[in-house]
K.L.:
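Could you have a look at this structure, given as structure tokens, before my questions?
Residue numbers begin at 1 in each chain, while the letters A, B, ... track the order of the sequences. Since we're looking at a predicted model, the values are computed, not measured.
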Protein chains: 2
Amino acid sequence: MNIGEIARRAGVSRSTVSYALTGRRPVSEATRRRIQAIIDELGYRPNAAARALKEGRTRTIGLVVPPAGRRLTDLQLGFVASVVDAAARADLDVLLSPSGGEHERSFERVVTGRRVDGVIVMEIRLEDDRVTRLRHGGLPFVGIGRTADPGDMSWVDVDYDTLIARCVHHLADLGHRHVALVNRNADLVAAGYGPGHRAQEGFARAVAERGLHGTQVCCGDDARSGQACAGRLLAERPELTAIATINEAAVAGMYHALSLAGLAVPGDFSIAGVAARHWAESLHPPLTAADVPADELGAQAVELLIQRIADPATPHRHLLVAPPISLRGTTAPAPSRR
Amino acid sequence: MNIGEIARRAGVSRSTVSYALTGRRPVSEATRRRIQAIIDELGYRPNAAARALKEGRTRTIGLVVPPAGRRLTDLQLGFVASVVDAAARADLDVLLSPSGGEHERSFERVVTGRRVDGVIVMEIRLEDDRVTRLRHGGLPFVGIGRTADPGDMSWVDVDYDTLIARCVHHLADLGHRHVALVNRNADLVAAGYGPGHRAQEGFARAVAERGLHGTQVCCGDDARSGQACAGRLLAERPELTAIATINEAAVAGMYHALSLAGLAVPGDFSIAGVAARHWAESLHPPLTAADVPADELGAQAVELLIQRIADPATPHRHLLVAPPISLRGTTAPAPSRR
DNA sequence: TTGTAGGCGTTATCAG
DNA sequence: CTGATAACGCCTACAA
């Protein structure tokens, strides 16, 4: 079923059918109707590959996600959902590409085979060779996250540095003197995962400014690891009264470890962090946290990408968000003694 | 950068370059090497659209997911991850299409514009018009889930009927007489969501066989709703001592409601269900549940789809799994009295 | 208002 | 072993 077949049945030329479809040139009402009737009857749709070949664009964007083997956090899932949603609103399709590990070929195909008009890359590292390759390949792209030298790329990101610093200040204001930062998993941080490092910096800075005693640990991205990690912290640092964290998936486990240790949240121990709102609210108790607006960030990333595709020469744009901390009751004045 | 350019620089014809690339006809080692060197130097990759147009296939499969607005459960996320993974292993790309609601156009584009060679559809309803349209359009597809009359389509599915019945029998064996089924959200079940209905059937049958008192309720797919739902159940049915559920996302909330009511799990109250293993294990306490092998199901769905694409006339195949219930300690003998 | 013709980048058929 | 050439289905000057 192609445009020629429609033209034949309608008794017109292929170009007339094409123009009737795109409206880029006037077509008499009568023939337009006749053509439309046949199209409806046969359920014809233009072949996407042929159109892409002719127009030089695919009306598809790539979304490079962390390798499927590793579980996506609730926040990452939020990004995926909002990107797909925003793309659909702009009549763009989304091609998923797991990157890293064994999936080099997938990334290579998507990026270099002109399968997409542009790419959104998630979970950007401080030094990220996917970014290097995209730059080299000349394909428009936008990061959710940014590299160490983010001047010459477009991105949207969460200001983990500022947010974790704010958490620490908040805890310090409440009288906490011994606080810990629970980071994402060690492999990720070691690989140069931006939020992990920027959270460390913000934490160190705020701890220094307020003259606190700070500890930093990495922790697997799940409840189990959270429990083990918090248990270890409590054992090694009995003077600890508060945790700041960017590891939303581990928080439920931390709660559990605390309750096993006989510590009430927030009476005996405070926790504050950065998380997806949905997740923060569904925890028991709901977590005091800076709520990352994943919807907005995803939509903005698509917006930025659409602009770069339309005009690759346009200056790079950035969006760094630092949403306020929503108090939900997991922070309270430090206990007078333990 | 196209095949002609490579040919020009290598001093050969385009067809020779093409054959050197595909290996579909012998090429002398010398010229093959020369061509390859130039390809490597220029970073050439064949244009996917041109290839798709010529070959009549896109090397891409569509994955139709529930609308992005609604949150995916951990299990659904597992399906997405395993499908993407299995597709990447087969050198297939995955085009994501949110279906339902405002995203009709996306589904239509993917299905009818020859953008993909085949489709995997998630969250199939007993009567599902996406299935109807796919059938009508003649595009190969595989369901994760099945319709009410699943004979003439290929699918992989979880046997919720059997699994929930097993949960009930397990609870009955432990002496429970009053049990409730906590289903997925009411909208979904009302829309004919297969697992919801099949769970109801299995529950009703097992309850009847064992002469138990059963109740069924729907419950939003999140911890909050789980808490509200379990709270309501306990208030209205104080004689209740056990819950069977397919709503993994609500379980944490149920735990909370039970603990608020002063009921210990499993001492005073038992829960058993169907869930992703990862999720069941990360709950506190870990949930006794039939562990759905999302990885296997996703991989099998891709496998089935690849076969259907290769030969659309091949008979339909089905995979219905009923994994054993893993005892993790949320079920115990019914309390002698309450 | 409509038709003709050329080309997007590949692959495959037919010659050599 | 290699080259020329014709499609694949669509869009869009250029003509009429």
K.L.:
Using whole Å, what does the distance between atom P of nucleotide dG9(C) and atom CZ of R45(B) come to?
P.N.:
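Taking CZ of R45(B) and P of dG9(C), I get 17 Å after rounding.
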
K.L.:
Take the protein atom CZ of R8(A) and the nucleotide atom C1' of dT2(C), then report the distance between them rounded to whole Å.
P.N.:
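In whole Å, dT2(C) C1' and R8(A) CZ are 19 Å from each other.
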
K.L.:
Do NZ/NE/NH1/NH2 and the carboxylate oxygens of E104(A) and R133(A) come within less than 4.0 Å?
P.N.:
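Judged by the 4.0 Å cut-off on N to carboxylate O distance, E104(A) and R133(A) do form a salt bridge.
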
K.L.:
Quick one: does any side-chain atom of R125(A) pair with a main-chain N or O of G192(A) as donor and acceptor, under 3.5 Å?
P.N.:
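No, because the side chain of R125(A) does not come within donor-acceptor range (under 3.5 Å) of the backbone of G192(A).
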
K.L.:
Examine distances only and state if a side-chain atom of S99(A) and a backbone atom of P66(A) form a donor-acceptor pair shorter than 3.5 Å.
P.N.:
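No; zero donor-acceptor contacts below 3.5 Å.
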
K.L.:
Any donor-acceptor pair under 3.5 Å linking the side chain of S106(A) with the backbone of S97(A)?
P.N.:
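Not a single qualifying donor-acceptor pair exists.
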
K.L.:
Could you tell me the separation between the CD1 atom of I3(B) and the P atom of dA12(C), rounded to a whole number of Å?
P.N.:
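Spelled out: CD1 on I3(B) to P on dA12(C) is 11 Å.
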
K.L.:
Do you see a donor-acceptor pair shorter than 3.5 Å between the side chains of S154(B) and R317(B)?
P.N.:
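Not at all, the side chains of S154(B) and R317(B) share no donor-acceptor pair under 3.5 Å.
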
K.L.:
Does anyone know the first and last nucleotide of DNA chain D in reach of chain A, 5' to 3', at under 4.0 angstrom to a heavy atom?
P.N.:
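Span of nucleotides near chain A: dG9(D) to dC14(D).
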
K.L.:
Just the atom pairs and distances: protein N or O near nucleotides 5-8 of chain C's N or O, under 3.5 Å.
P.N.:
| residue | atom | partner | partner atom | Å |
| --- | --- | --- | --- | --- |
| dG6(C) | O6 | R14(A) | NH2 | 3.3 |

K.L.:
Pairs in or reaching into residues 17-28 of chain A: which pass salt bridge (charged side-chain N to carboxylate O under 4.0 Å, His left out), with residues at least two apart or in two chains?
P.N.:
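Sorted result for residues 17-28 of chain A: R24(A)-E55(A).
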
K.L.:
Mind calculating the distance between CZ (R24(B)) and P (dT10(C)) to the nearest angstrom?
P.N.:
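It works out to 14 Å between those atoms.
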
K.L.:
Please tabulate, one pair per line, all N/O donor-acceptor pairs under 3.5 Å involving side-chain atoms of residues 137-151 of chain A, not counting sequence neighbours.
P.N.:
| residue | atom | partner | partner atom | Å |
| --- | --- | --- | --- | --- |
| R146(A) | NH1 | D157(A) | OD2 | 2.7 |
| T147(A) | OG1 | D149(A) | O | 3.2 |

K.L.:
Using salt bridge (charged side-chain N to carboxylate O under 4.0 Å, His left out) as the criterion, list what pairs up with R114(A), not counting sequence neighbours.
P.N.:
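R114(A) satisfies salt bridge (charged side-chain N to carboxylate O under 4.0 Å, His left out) with no residue once adjacent residues are dropped.
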
K.L.:
Base, sugar-phosphate or nothing for T16(A)? Non-hydrogen atoms, less than 4.0 Å.
P.N.:
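Sugar-phosphate, no base atom in range.
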
K.L.:
Over its full length, what angle do the end axes of the helix from dT1(C)-dA16(D) to dG16(C)-dC1(D) make, each axis taken from five pairs and the result rounded to 10 degrees?
P.N.:
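About 40°, once rounded to a multiple of 10°.
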
K.L.:
Hey, does G11(B) reach any base, or is it just sugar-phosphate, or nothing, if we go heavy atoms under 4.0 Å?
P.N.:
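Answer is sugar-phosphate: G11(B) comes under 4.0 Å of backbone atoms only.
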
K.L.:
Any Lys/Arg nitrogen of D93(B) or R109(A) sitting under 4.0 Å from an Asp/Glu carboxylate oxygen of the other?
P.N.:
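Salt bridge between D93(B) and R109(A), a charged N being under 4.0 Å from a carboxylate O: yes.
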
K.L.:
Take R25(B) and A49(B), find for each the nucleotide of DNA chain C with the closest heavy atom, and name the residue whose nucleotide sits nearer the 5' end.
P.N.:
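That would be A49(B).
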
K.L.:
Could you check whether D311(A) and Q307(A), counting side-chain N and O atoms only, form a donor-acceptor pair closer than 3.5 Å?
P.N.:
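There is no such pair between these side chains.
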
K.L.:
V17(A) and side chain to side chain contact (heavy atoms under 4.5 Å, CB included): which partner among T31(A), I35(A), V27(A)?
P.N.:
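Going through the options one by one, the only one that passes is I35(A).
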
